Amino acid sequence: MTPHVPAPATQPEPGTQRCLLPARNYDLAATLDSGQSFAWTLVGDAWEGVAHQCWIRLRQVPDGIEATTPLPDPKSPALRRVGLLAPDKARETCAVAASGQAVESGSPWLTAYLQTDLDLSAIVDTFPPDAPLIEAVKCCGGLRILRQDPWECLASFLLSATKQIVQIRQICATLRRRFGSPIAVPAGHTPAFAFPSAQTLASTTESDLRQCGMGFRARYLHQTARRVARGDLDLLNLRSLPLDAARTRLLELPGVGPKISECVLLFSCDQPRAFPIDVWVARALRRLYYHGRRVPAGELRELAATHFGPWAGHAQQFLFHYARRYARLTH
DNA sequence: TTCCAGGTATTAC
DNA sequence: GTAATACATGGA
């Protein structure tokens, strides 16, 4: 499927810098709106959101993804953590960008976040050649998996239990507004906030969190934030552990079960075999691989672990997006 | 009004 | 070991 590609803008707006991340076979809309991140909003023909504590605007353009960020403001040290480059490098490029040129140099952290360097067709080639996957890939080609911050990913999915994606997005936005640090945005833009750290959330109360509309999930988020804040679990170190070890550590956290742990492993811990099975994926697996029969959860897990190969998580994301967006699979 | 939402922990067989 | 149930909240 070919994503809609709007015409490129010519000039970055004043006070911002822009760069192009070359990418082939990349569907930005499918990627940002497929329930893996809850940080992005469609504004006109672009997606606005916050990643790595930076406000960003992303647009699909013919050669890849165009990214816009605010220029660093030397008068606001608290808001200085902005830009497509590390802050020191960003200052060097200010003059160039402010003069109206697009910044063409790379931005390693954004490339890593969006995974624009990954060869998606090589991944798809590793999938088993079965009809359901072929159909899902045909419908959702260009769907990527982001590499998110582990804490934001864990906290967001703790809030996901029996919530619609639109509501998870709302709760995350409220959490940012109430507890996140303000970050730089283009002049005149509505304020944006970083995702609050585990330390910050640990220092609030369960009742404070509950007022963000998260209901019973507040206790899980608060308790997990406290454990992470006091160092029981080093989330970044999780990325260097083998799959089983990382999974075991995550499952020790309150409110984290088999589904949420797989989400964190797949979306933030470099574990492409991780395979979250939620209601949609379970429904899709039953419908597409078992003729709609009732199948024990254990059998679905067995299929997930053995059938889809080294990039099973991507297969899962195709099936999830396909079921939700195109097939509208119901019970 | 009733049902359901990218689940998990607890309790009951 | 597997099957029901409570858990808050808001949108459809």
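FYI, side chains are in, hydrogens and waters are out, and symmetry mates aren't considered; it's all heavy atoms of this structure. Computed from a predicted model, the values in this text were never measured in an experiment. Proteins get letters first, then strands, A, B, ... in listed order; numbering begins at 1 in each.
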Take A:R57 and A:E66, measure what salt bridge (charged side-chain N to carboxylate O under 4.0 Å, His left out) needs, and give me the verdict at the end. CA-CA 8 Å; A:R57 175 185 292 137; A:E66 178 197 89; over 6 Å; no

Rounded to whole Å, please give me the gap between [atom1] in [X] and [atom2] in [N].
X      : N     : atom1 : atom2 : result
A:I168 : B:dG6 : CD1   : P     : 6 Å
A:L158 : B:dT8 : CG    : C1'   : 10 Å
A:W280 : B:dA5 : CH2   : C1'   : 9 Å
A:R324 : B:dA5 : CZ    : C1'   : 11 Å
A:I171 : B:dG6 : CD1   : C1'   : 13 Å
A:F275 : B:dG6 : CZ    : P     : 17 Å
A:F318 : B:dG6 : CZ    : P     : 20 Å
A:I165 : B:dA5 : CD1   : C1'   : 10 Å

B:dG6 base stacked by A:F320 (centroids within less than 5.5 Å, tilt under 30°):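 Yes; centroid distance and tilt both under limits.
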
How would you list all residue pairs meeting salt bridge (charged side-chain N to carboxylate O under 4.0 Å, His left out) that involve residues 205-221 of chain A, not counting sequence neighbours? A:E206-A:R210

Only pairs at least two apart or in different chains count here, so list each salt bridge (charged side-chain N to carboxylate O under 4.0 Å, His left out) that has a residue in residues 171-181 of chain A.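 Counting only pairs at least two positions apart or across chains, the salt bridge (charged side-chain N to carboxylate O under 4.0 Å, His left out) contacts touching residues 171-181 of chain A are A:E152-A:R176.
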
Which part of the nucleic acid, if any, lies within reach of [X] when heavy atoms closer than 4.0 Å are counted: base, sugar-phosphate only, or nothing?
X      : value
A:E262 : nothing
A:P258 : sugar-phosphate
A:S156 : nothing
A:Q211 : nothing

ring-ring contact (aromatic ring centres under 6.0 Å, His included) partner of A:F157, chosen from A:Y220, A:W151, A:F38: A:F38

Nearest-nucleotide 5' precedence on DNA chain B, A:I277 against A:L253: A:I277

Please compare A:V256 and A:Q316 by the position of their nearest nucleotide in DNA chain B and report the one closer to 5'. A:Q316

Under 4.0 Å from any atom of DNA chain B, heavy atoms only: list the residues of residues 299-313 of chain A that qualify, in numerical order. none

Partner set under ring-ring contact (aromatic ring centres under 6.0 Å, His included) for A:F179, not counting sequence neighbours: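 None.
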
Assign a letter to each nucleotide of nucleotides 6-12 of chain C from its 5' end: B, base within under 4.0 Å of a protein heavy atom; S, sugar-phosphate only; -, no contact. -BBBBS-

Return a table of donor-acceptor pairs under 3.5 angstrom between the side chains of residues 292-299 of chain A and protein atoms on other chains or two or more places apart.
none

Work out how far the [atom1] atom of [N] is from that of [M], and round it to whole angstrom.
N      : M      : atom1 : answer
C:dA8  : B:dT10 : P     : 14 Å
C:dA12 : B:dG6  : P     : 12 Å
B:dC4  : C:dA4  : P     : 16 Å

Quick one, A:Q17 and A:T69 - any side-chain contact, counting heavy atoms below 4.5 Å? yes

Ring geometry between A:W40 and A:Y113 (parallel below 30°, tilted from 30 to 60°, perpendicular above 60°): tilted

Inspect the surroundings of CZ in A:R227 and state if more than 12 heavy atoms from other residues, nucleotides or ligands are less than 6.0 Å away. yes

Decide if the gap between the ring center of A:F308 and the ring center of A:Y289 is smaller than 6.0 angstrom.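 Centroid separation for A:F308 and A:Y289: below 6.0 Å.
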
